[in-house]
2 protein chains.
Amino acid sequence: MMREYGKKLRILLIDDNANHLRGIKELINLESDYNVVGSTTSANLGINLVKRYQPDIVLMDINMPEKDGLQAIQAIQKLELNTRIVVLSGYDDADLIYRAMKLGAKGYVLKTMASSKLIDAIEHVAQGKIFLPAILSTRFFEHFQSVSRQETASKDGEENLLNSLTSRENEVLDLLTQGVNYKSIAQKLIISETTVKTHVNNIFQKLQVNDRTNAVLYALTHGFKPSKTNAKVEATAA
Amino acid sequence: MMREYGKKLRILLIDDNANHLRGIKELINLESDYNVVGSTTSANLGINLVKRYQPDIVLMDINMPEKDGLQAIQAIQKLELNTRIVVLSGYDDADLIYRAMKLGAKGYVLKTMASSKLIDAIEHVAQGKIFLPAILSTRFFEHFQSVSRQETASKDGEENLLNSLTSRENEVLDLLTQGVNYKSIAQKLIISETTVKTHVNNIFQKLQVNDRTNAVLYALTHGFKPSKTNAKVEATAA
DNA sequence: AATTTTATCAACCTAAAGATTTAGATAATT
DNA sequence: AATTATCTAAATCTTTAGGTTGATAAAATT
């Protein structure tokens, strides 16, 4: 999608501070040959400008307190254009970096960084690369790995309960986690409803629960993965 | 936790290829002042050596086909030591990088990279930083953002259904997603069981489902977040 | 060969869940 | 003042869900 030879990179600036906006514009005009196609202090207006001009790069300011910036990133991503977003922020907060990248930002630069970093970021991102300086990368991964740890932590001590299920019980539990009732499970597995109940009761005992909902909740929070034999389930009507 | 002044970094090497192992050992002895406290071609043995020597850094080889390496990372992380893992891999596969980092690796270097990169990586990671070269960082984020897109994609078109719930209905749904039955919900909210049923029926209609399980499944797969008034729920016994 | 595990099913029962209708009391809105 | 939304509740009913007992048969284990 990138720059054809001789064509200038088209950039849109969004920053709620009009002074910053002017400063960045000057910087880009002085230190690069990019074409600033627009600039605005309003996130909402910015989204409309992205639609209209479809720039290569959006330089997006993000402030901690108001999370307009993150919402704007999400809105722009939803347009599914070839526009890439570089965040320019005053905050190196791990969660903020994490969320911006999660929403699809391709670069993240701090306002306190040398102006050459900003040009670097735009250049890298325009070439399809991610630009995240080492310090911010470390911050990002602090958060990312912390989230991952929490996800796997619960699946640890007790997930043996799921391992005690037979393959048939796994098939039944799989259907339970799709909200299928006894009758439909019986039809899908081509066994009688009583047999299904027997399996379900055995599942309950093994998972140490008393009802469907808690069995499903247990399965979902302990990394349940369906077994092999699985015809697709379209409808879930009772 | 890091290196006290004058103390050498203690490093353990794990690589299933004995030749590589020797090569890396020599490299480290030549180009750094680190102390290689052990080296092994066996992932399982490696884990035991980590327990015994508690090195500052583990240099871990990862091969695509066998995923022993990833499991070894997980096993070492589970020890909860101050040992940091640097991956040395022949593959720049996005998913492999993603999973290694997700499991807690602090650095990732390709075998094809200059040997100085490896020393760089160890040095950075020892200082508590993340080391992920630009190319690999881009690969990582390809995968990370792709996963995030999929997660939010389903929550998009229809999540309005959850928005149509009243605050009381949200409280009831919150308890439903914890596997609480009618009687207990009534007790917790200090209302009659009939009232709970009324709320639940309204929830079903708004979420377009016919039973608890599907209501819970809908809530969980559409980013349901409980409202305000929530006394803690300890037991879930029927 | 004997035992245990797994998968199957019937028949019966209780308890819980879900559906429906009607209605009173506030609170918010028009 | 009138309407609508929300929360509450009773009464009644149908339908699932869940529990229990007992039994058959093949497969895997000991």
Side-chain angles (χ1 to χ4, degrees), chain A residues 160-219 226-231 235-238, chain B residues 160-219 226-231 235-238:
Chain A
N160 27 343
L161 294 188
L162 281 175
N163 295 333
S164 67
L165 298 183
T166 68
S167 65
R168 198 52 157 171
E169 286 163 356
N170 265 293
E171 295 180 72
V172 174
L173 179 56
D174 183 32
L175 292 170
L176 283 184
T177 61
Q178 295 176 47
V180 186
N181 62 14
Y182 284 142
K183 196 190 288 181
S184 300
I185 294 177
Q187 286 171 0
K188 281 174 209 300
L189 299 184
I190 322 180
I191 53 180
S192 86
E193 212 172 315
T194 0
T195 306
V196 178
K197 290 189 180 188
T198 308
H199 287 311
V200 170
N201 267 293
N202 291 333
I203 292 171
F204 288 172
Q205 283 179 27
K206 290 183 178 179
L207 300 189
Q208 297 167 20
V209 297
N210 322 294
D211 56 70
R212 234 162 233 272
T213 310
N214 282 292
V216 169
L217 287 173
Y218 186 95
S227 49
K228 57 268 124 185
T229 327
N230 277 322
T236 317
Chain B
N160 27 344
L161 294 188
L162 280 175
N163 295 333
S164 68
L165 298 183
T166 68
S167 65
R168 198 53 157 173
E169 285 163 356
N170 265 293
E171 294 180 74
V172 174
L173 180 56
D174 183 32
L175 292 170
L176 283 183
T177 61
Q178 295 175 47
V180 186
N181 63 15
Y182 283 142
K183 197 190 286 181
S184 300
I185 294 177
Q187 286 170 0
K188 281 174 208 302
L189 299 184
I190 322 179
I191 53 180
S192 87
E193 211 172 317
T194 356
T195 306
V196 178
K197 290 189 180 187
T198 307
H199 287 312
V200 170
N201 268 293
N202 291 333
I203 292 171
F204 288 172
Q205 283 181 27
K206 289 184 179 179
L207 301 190
Q208 297 167 21
V209 297
N210 321 295
D211 56 71
R212 240 162 230 273
T213 311
N214 283 292
V216 169
L217 287 172
Y218 186 95
S227 50
K228 58 270 123 180
T229 327
N230 277 322
T236 316

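Bear in mind the structure is a predicted one, so any value in this text is a computation, not a measurement. Naming: A, B, ... by sequence-line order, numbering from 1 per chain.
Checked by atom type and distance alone, the side chain of B/Asn201 pairs as donor or acceptor with a backbone atom of B/Lys197 at under 3.5 Å. Judged by distance alone, with hydrogens and angles left aside, the side-chain atoms of A/Ser184 form no donor-acceptor pair with the main-chain N or O of A/Asn181 at under 3.5 Å.
Considering only side-chain N and O atoms, A/Ser167 lies nowhere under 4.0 angstrom from the phosphate OP1 or OP2 of C/dT6. Look at A/Ser192 and you won't find any side-chain N or O under 4.0 angstrom from OP1 or OP2 of C/dT8.
To the nearest 0.5 Å, atom CG of residue A/Asp211 and atom CZ of residue B/Arg212 are 7.5 Å apart.
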Exercise. For nucleotides 18-30 of chain C, read 5' to 3', which letter fits each nucleotide if B means a protein heavy atom sits under 4.0 Å from the base, S means only the sugar-phosphate is that close, and - means neither?
Worked result: BBB----------
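Regarding A/Leu173, its CG atom lies at a distance of 16 Å from the P atom of C/dT6, rounded to whole Å. Between A/Leu165 atom CG and C/dT6 atom C1' there is a gap of 13 Å when expressed in whole angstrom units. With rounding to whole Å, A/Glu193 atom CD is found 9 Å from D/dT16 atom P. Atom CD1 of B/Ile185 is separated from atom P of D/dT8 by 13 Å (rounded to the nearest Å). To the nearest angstrom, C1' of D/dT24 lies 16 Å from CD1 of A/Ile191. Between the CG atom of A/Asn202 and the P atom of C/dT5 there is a distance of 12 Å, given to the nearest Å. Atom-to-atom, NE2 of A/His199 to C1' of C/dA10 comes out at 15 Å; the value is rounded to the nearest Å. Counting to the nearest Å, the P atom of D/dA17 and the CG atom of A/Leu175 are 13 Å from each other.
Shown here for B/His199 and B/Arg168, the closest heavy-atom pair between the two residues is NE2-CG, 3.7 Å. Nearest heavy-atom pair, A/Val216 versus A/Leu176, reported as atom, atom and distance to 0.1 Å: CG2-O, 3.4 Å. Taking all atoms of both residues into account, the shortest heavy-atom contact from A/Leu217 to B/Gln178 is CD1-C, 3.7 Å.
For B/Thr195, the side-chain hydrogen bond (donor to acceptor under 3.5 Å, both in side chains) partners at least two apart in sequence or on another chain are B/Ser192.
Taken together, the paired segments of DNA chain D that extend over three or more consecutive Watson-Crick or G-U pairs, each closer than 3.5 Å at both contacts, are C:3-28 with D:3-28.
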Problem set entry | Full working for side chain to side chain contact (heavy atoms under 4.5 Å, CB included) between B/Asn202 and B/Val172 | CA-CA 11 Å; B/Asn202 291 333; B/Val172 174; over 6 Å; no
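Looking at heavy-atom distances under 4.0 Å, A/Thr195 makes contact with a base.
Looking at B/Leu175 and B/Leu189, their side chains come closer than 4.5 Å, going by heavy atoms from C-beta outward.
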